[in-house]
Amino acid sequence: MALLLALYVFFSVVIPASAADGTQATATVVIKADVLYWEEGELIVKEFSGHEERLKVTPETKIEGVVAGRLKTGDKIVAQITDDRRAISIKVQIPE
């Protein structure tokens, strides 16, 4: 019985505290696109479906597979982005 009470107290205190730590869960979307160009901290890409997107690239954005340190026009990428179009990760796809 004491164990159940201890578990109840633990979960009633720890879980709400971790939910209130200021982080907000946001949905992410994965897109596949061609890089068009850079414009003031944004990467303009054209999805394979034909739709253009402006991705906000921040210092926290994880970029993988880049040659010479920067994405360039024509690179094919897979990007994980948030609802507000902030890029969480960008990975250059190397053609086989």
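Position 1 is the first residue of the sequence; numbering continues from there. Just so we're clear, the structure is a prediction, and the values are computed from it rather than from any experiment.
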**Request:** With rounding to the nearest 0.5 Å, note down the distance linking CD1 in Ile77 to CD1 in Ile31.
**Result:** 6.0 Å
**Prompt:** Would Val78 end up clustered with Val45 when hydrophobic side chains under 4.5 Å apart are linked, directly or stepwise?
**Reply:** no
**Item:** Transitive ILVMFWY side-chain link Val57 to Ile88, under 4.5 Å
**Value:** no
**Fill in**
All heavy atoms of Val92 vs all of Gly65, minimum pair found to be CB-O, 3.6 Å
**Message:** If I take atom NZ from residue Lys56 and atom CD from residue Glu40, how far apart are they, to the nearest 0.5 angstrom?
**Reply:** 13.5 Å
**Interatomic distance, Glu42 atom CD to Tyr37 atom OH [nearest 0.5 angstrom]** = 9.5 Å
**Message:** Would Glu47 and Lys32 count as a side chain to side chain contact (heavy atoms under 4.5 Å, CB included) here? Give the steps.
**Reply:** CA-CA 6 Å; Glu47 290 185 73; Lys32 294 180 180 183; over 6 Å; no
**Request:** Please report the shortest heavy-atom distance between Thr61 and Ala87, naming the atom on each side.
**Result:** OG1-O, 2.7 Å
**Prompt:** Under 4.5 Å between side-chain heavy atoms, hopping through other hydrophobics if needed: is there a path connecting Ile63 to Val29?
**Reply:** yes
**Item:** CA sep, side-chain torsions, deciding dist, call: Leu71, Trp38, side chain to side chain contact (heavy atoms under 4.5 Å, CB included)
**Value:** CA-CA 9 Å; Leu71 292 165; Trp38 282 93; 4.1 Å; yes
**Asked** Hey, mind stepping through Asp34 and Asp75 against side chain to side chain contact (heavy atoms under 4.5 Å, CB included) and telling me if it holds?
**Response** CA-CA 6 Å; Asp34 291 321; Asp75 281 344; over 6 Å; no
**Minimum-distance pair of heavy atoms, taken over all atoms of Ile90 and Leu43** = CD1-CD2, 4.0 Å
**Prompt:** Taking all atoms of both residues into account, what is the closest heavy-atom pair of Arg85 and Arg54, and its distance?
**Reply:** CB-O, 3.6 Å
**Request:** Just do the side chain to side chain contact (heavy atoms under 4.5 Å, CB included) check on Leu36 and Thr73 with the steps written out, would you?
**Result:** CA-CA 5 Å; Leu36 297 178; Thr73 300; 5.8 Å; no
**Prompt:** Rounded to the nearest 0.5 Å, what separation is found between the CD atom of Glu60 and the CZ atom of Arg86?
**Reply:** 7.5 Å
